[in-house]
Amino acid sequence: MIVVTNNEGTPGVPETARLLREGAPALAAIEAGIRKVEIDETIRTVGRGGWPNLLGEVELDAAVMDGTTLRTGAVGALKGFLHPVSVARAVMERLPHVFLVGEGAARFAREIGAEAGDNLIPDSRRVWQAWFEKEVPEASKRNWAEAPLIDLCRHAVDPEVGHDTTVFIALDGKKEIAGAVSTSGWGWKYPGRLGDSPVIGAGMYADTRYGACACTGAGEMTIRAGTSRAVVLYMKMGMSVEAAVREAVEDMRRLKGGLINRVTIHAIDTKGNHKVVAVNGNPQNTYWLWQDGMTAPQSLPAEIIPISPITAKPSPSMIYGAKRREQA
Ligand code: GLY
């Protein structure tokens, strides 16, 4: 048994480890862990407490994948619900579809009785309001409903570099593998922007025959490289989990133009091996590991591999987020 999560998994990884130890299936164990992250207001890039988009609305993305059936479910730009990971799981289990977005996802969440809630906590509202007052041109403020957002968005970068999204991948006692991810995405994003988290094969992929992979960081890059599916496919072609992740990093080096930022790749295989690499990462980049025989999950540093100068500039959201953290 093994579970790997990123650092944002802190509030949930003990629960996932406990459930795995007690014999729970991988998917149930990681869903339970992610629900704890989603409801934790101190985790600013997932669920309640997640940073809002440019309009001050929290739009959530999540996905799950059962590596044994290769069934998957995802929601994108979901507003007004506390546990997108469970809505994604219901998409997988109750619909003939795999991916719902926006109003359709919210309608489905209402229909299944998912827990509703306002994810914009007072602190996020305050930070967004301060950004709005300082950064939005007066003409746009006067006609905010129709205001151009492209320039405001162009400078937006993940506000919590290295701390965004939560990803959980696990191998259970029956040797079945699953993955799940949840995020509020890129703070101050253009409304409707989807990152890699709900895009199966980009932000996450799981196959009980070979292993699982999940990514955090700039989703635009892992969508372009198809990173999570690639890592699992490389393992199918005979590479070790470490070689597969390194090959995916090589793929990422080929990305030219567009946003080049930070990405962390987390992967496990069927034998309980794992590898976590932070592409363009910083030294504080850590992840959680729990395996058979460990009394508690352990926080470990990711291997850092620089691939290219980062092209993104710090965003207003990043600056406000940093100021807020300094004050805290
Ligand atoms: N990796 C999360 C996102 O890009 O939204």
Side-chain angles (χ1 to χ4, degrees), residues 4-9 34 37-38 43-47 49-54 57-65 74-79 84-85 88 99 101-102 105 119 124 153-169 179-205 212-231 245 248-249 252 255 258-267 276-282 285 287 302 310-312 315 317-318 321:
V4 169
T5 88
N6 66 326
N7 187 51
E8 302 297 78
I34 287 188
V37 183
E38 288 175 335
I43 305 292
R44 302 308 299 268
T45 56
V46 181
W51 293 118
N53 65 16
L54 282 169
E57 303 163 336
V58 180
E59 291 181 326
L60 302 178
D61 306 333
V64 302
M65 186 160 189
V75 288
L78 176 66
K79 288 189 271 189
V85 71
F99 201 171
V101 298
N119 290 310
S124 298
C153 166
R154 264 205 340 218
H155 301 296
V157 181
D158 275 11
E160 305 277 29
V161 175
H163 295 268
D164 53 324
T165 305
T166 196
V167 299
F168 281 54
I169 46 178
V181 298
S182 183
T183 187
S184 55
W186 181 333
W188 281 250
K189 62 192 170 187
Y190 202 102
R193 176 264 184 190
L194 297 179
D196 58 337
S197 302
V199 179
I200 287 297
M204 188 267 292
Y205 196 81
C213 177
C215 301
T216 62
E220 280 69 10
M221 292 169 65
T222 61
I223 291 173
R224 288 164 70 193
T227 303
S228 291
R229 175 69 181 125
V231 167
V245 169
V249 173
M252 213 161 269
L255 302 181
L259 176 85
I260 304 294
N261 204 315
R262 294 183 167 89
V263 166
T264 304
I265 305 173
H266 311 72
V276 178
V277 161
V279 174
N280 289 333
N282 55 44
N285 200 314
Y287 66 95
I310 291 173
T311 54
S315 66
S317 59
M318 190 171 170

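Counting starts at 1 for both ligands and their atoms, following the listed order. Just so you know, residue 1 is the first one in the sequence shown, and it goes up from there. The shown structure was predicted, so the numbers you read here are calculated from the model rather than taken from an experiment.
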Note, Trp188 side chain near Cys153 side chain (heavy atom, < 4.5 Å) | no

State which residue, out of Thr227, Asp196, Thr264, fulfils the side-chain hydrogen bond (donor to acceptor under 3.5 Å, both in side chains) condition with Thr222.
-> Asp196

Polar contact flag for Cys215 and ligand 1 (N/O pairs, less than 3.5 Å) | no

Heavy-atom proximity to atom 3 (C) of ligand 1 ranks first, among Val181, Thr183, Asp196, for Asp196

Are Asn280 and Val263 close enough, and set up right, to give a side-chain contact (heavy atoms from CB on, under 4.5 Å), and what steps lead you there?
-> CA-CA 7 Å; Asn280 289 333; Val263 166; over 6 Å; no

Relative to each other, are the rings of His266 and Tyr287 parallel, tilted or perpendicular (30° and 60° limits)?
-> perpendicular

Contact atoms of ligand 1, heavy-atom distance to Gly217 under 4.0 Å = 1 (N), 2 (C), 3 (C), 4 (O)

Sub-4.0 Å heavy-atom approach of Lys189 to ligand 1 = no

For ligand 1, does Met221 get within less than 4.0 Å through its side chain, its backbone, both, or neither, judged by non-hydrogen atoms?
-> neither

Atoms of ligand 1 less than 4.0 Å from Gly185 heavy atoms?
-> 5 (O)

For Thr165, the ligand 1 atoms whose distance to one of its heavy atoms is below 4.0 Å = 1 (N), 2 (C)

Between Val58 and Lys79 the two heavy atoms that sit nearest each other are O-CG, 3.5 Å

Arg44/Ser184 under side-chain contact (heavy atoms from CB on, under 4.5 Å): CA gap, chis, key distance, verdict | CA-CA 8 Å; Arg44 302 308 299 268; Ser184 55; over 6 Å; no

